[in-house]
Amino acid sequence: MPGLPPCEPLVIPELIMNQGSGAVNVHAYLVKAVRLDLDKKRIRVKIELPRLQLNADYVINGRILMMPISGAGKSEGNYTDIAASLILQAEPFQAGGREVLRMLRLGLPPCEPLVIPELIMNQGSGAVNVQSIYRNITIFGPSAYLVKAVRLDLDKKRIRVKIELPRLQLNADYVINGRILMMPISGAGKSEGNYTDIAASLILQAEPFQAGGREHLHISQVFTDFSIGHASLYLSGLFDGDLELGRAMNEFLNENWRNVAAEMKPILEETIAELFRKYANVIFHKYSVDQLFPE
């Protein structure tokens, strides 16, 4: 096709995921289906690739599944039997007397990793009574979300979404003080949490407003419910660096993570809902209802 760069190999100058420049060998992709809806300016594509080989120069530092990892050098990854479904939403514009389609860019900040400057989580009732602050939060894994269901009720300005995430890793600087399941806890340092098999249901309640002669939505409330299949947590610097007390507390937290999560669930749901509301409004404020949900 004219104007397209070569895709064999596909060369990417840099990817910021602690992995550097490299090339992607795209081996004989097969287009399984293309569905074009010019009224809605939407294109649906299904493709299959028998194999992908990724070669790169890399630099890495951190932890994977609680194991420390660091290094720099060459990397090679081989992936087989890849299937992908894409929905391309476009908007029309005129060029040279012809209608041309331009893919919408949602304008969201990068979500892999997702960086949150600060979260304050204070729980003052029940078996968990803590005051905690998390700063420089880096979340790995949110881009692998799977949308299981979306229900729109434009009359009530309500959107219901069900998503699944196979894994999330949260790294942060933390300060904590209080009691967890009657056990005293205090400290400041680095935290790492790994969470798998996450399922979340969200209800987005919106209010309409006019901008540029079009109806937009403002997400005023988000209600969320979530479940976690498994969690592991490590906090460094507990009890002023007392290694024995810190080890015992980390073991206690990991053995009782379900009880801790149940006690913290209301404030976690409130925090997740507010984050999701802010990100959703980036989209809904930028694009009108008829652009996002064509009839």
Side-chain angles (χ1 to χ4, degrees), residues 63 66 109 111 113-142 161 163 165 167-205 218-243 245-282:
R63 287 175 176 267
M66 307 301 291
C111 71
L114 176 62
V115 177
I116 301 171
E118 183 178 81
L119 280 179
I120 298 174
M121 297 180 63
N122 294 328
Q123 171 82 3
S125 62
V128 174
N129 191 325
V130 294
Q131 292 75 49
S132 58
I133 302 174
Y134 298 87
R135 295 188 175 96
N136 306 316
I137 305 158
T138 306
I139 307 175
F140 298 93
V161 184
I163 61 173
L165 288 145
R167 176 176 173 267
L168 284 179
Q169 178 184 329
L170 281 71
N171 301 330
D173 302 317
Y174 82 94
V175 178
I176 194 170
N177 186 57
R179 289 180 175 271
I180 294 180
L181 303 182
M182 307 305 293
M183 297 287 289
I185 184 172
S186 64
K190 300 289 185 181
S191 70
E192 180 181 321
N194 288 280
Y195 310 90
T196 56
D197 299 328
I198 302 141
S201 298
L202 301 106
I203 300 174
L204 287 70
Q205 186 63 54
H218 172 75
I219 305 301
S220 56
Q221 290 180 295
V222 176
F223 305 94
T224 182
D225 182 50
F226 72 91
S227 63
I228 300 171
H230 185 72
S232 61
L233 181 67
Y234 178 77
L235 302 175
S236 69
L238 286 169
F239 304 108
D240 294 323
D242 188 307
L243 295 180
L245 287 176
R247 181 189 61 78
M249 176 53 71
N250 276 299
E251 288 181 0
F252 176 80
L253 292 173
N254 283 285
E255 288 171 0
N256 295 277
W257 73 266
R258 288 189 186 276
N259 294 329
V260 175
E263 291 289 335
M264 295 290 290
K265 189 176 181 182
I267 193 169
L268 287 172
E269 288 177 340
E270 182 180 324
T271 303
I272 292 168
E274 181 58 20
L275 287 171
F276 198 89
R277 189 186 70 83
K278 289 179 179 178
Y279 273 79
N281 275 326
V282 173

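These numbers come from a predicted model, not from an experiment.
Applying the salt bridge (charged side-chain N to carboxylate O under 4.0 Å, His left out) test to pairs two or more places apart or on separate chains, none has a residue in residues 193-203.
For Asp173, the salt bridge (charged side-chain N to carboxylate O under 4.0 Å, His left out) partners two or more places apart in sequence, or in a different chain, are Lys190.
Atom CG of residue Asn250 and atom CD of residue Glu255 lie 11.0 Å apart, to the nearest 0.5 angstrom. Rounding to the nearest 0.5 angstrom, the gap separating the CD1 atom in Ile116 from the CG atom in Leu275 is 4.5 Å. Atom CZ of Arg167 is separated from atom OG1 of Thr196 by 9.0 Å, given to the nearest 0.5 angstrom. Taken to the nearest 0.5 Å, the CZ atom of Phe140 stands 9.5 Å off from the CD atom of Glu192. Residue Ile272 holds its CD1 atom at 10.0 Å from CG of Asp225, rounded to the nearest 0.5 Å. Atoms OG and CD1, on Ser132 and Ile180 in that order, are 8.0 Å from each other to the nearest 0.5 Å.
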- [ ] Check the pair Thr224, Phe276 against side-chain contact (heavy atoms from CB on, under 4.5 Å), reporting the backbone distance first and the verdict last.
- [x] CA-CA 10 Å; Thr224 182; Phe276 198 89; over 6 Å; no

TODO: Go through Phe226 and Ile163 one step at a time and tell me if the side-chain contact (heavy atoms from CB on, under 4.5 Å) criterion holds.
DONE: CA-CA 9 Å; Phe226 72 91; Ile163 61 173; over 6 Å; no

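When all heavy atoms of Ala280 and Ile219 are compared, the pair lying nearest together is CB-CG1, 4.1 Å. Between Leu165 and Gly141 the shortest heavy-atom distance is CD2-O, 3.7 Å. Pairing each heavy atom of Asp242 with each of Leu245, the nearest pair is OD1-N, 3.0 Å. The minimum heavy-atom distance linking Leu181 with Asn256 is given by the pair CD1-CB, 3.8 Å. Counting all heavy atoms, side chain and backbone alike, Phe252 lies closest to Met183 at CZ-CG, 3.6 Å. Closest non-hydrogen pair, Met121 versus Leu268, comes out as CE-CD2, 3.1 Å.
Judged by distance alone, the side chain of Tyr174 and the main-chain N or O of Ser236 form a donor-acceptor pair under 3.5 Å. Here the side chain of Ser232 pairs no donor or acceptor atom with the backbone of Asn254 at under 3.5 angstrom. Between the side chain of Asn281 and the backbone N or O of His218 there is no donor-acceptor pair closer than 3.5 Å.
Contact check for Ser191 versus Tyr234: no side-chain heavy atoms found under the 4.5 Å cut-off. A heavy-atom distance below 4.5 Å is not found between the side chains of Tyr134 and Asn171.
The only option from Ile137, Thr138, Leu170, Ile139 that meets the side-chain contact (heavy atoms from CB on, under 4.5 Å) definition with Leu114 turns out to be Ile139.
The neighbour count for Lys265 NZ, taken as heavy atoms of other residues, nucleotides or ligands under 6.0 Å away, is above 12.
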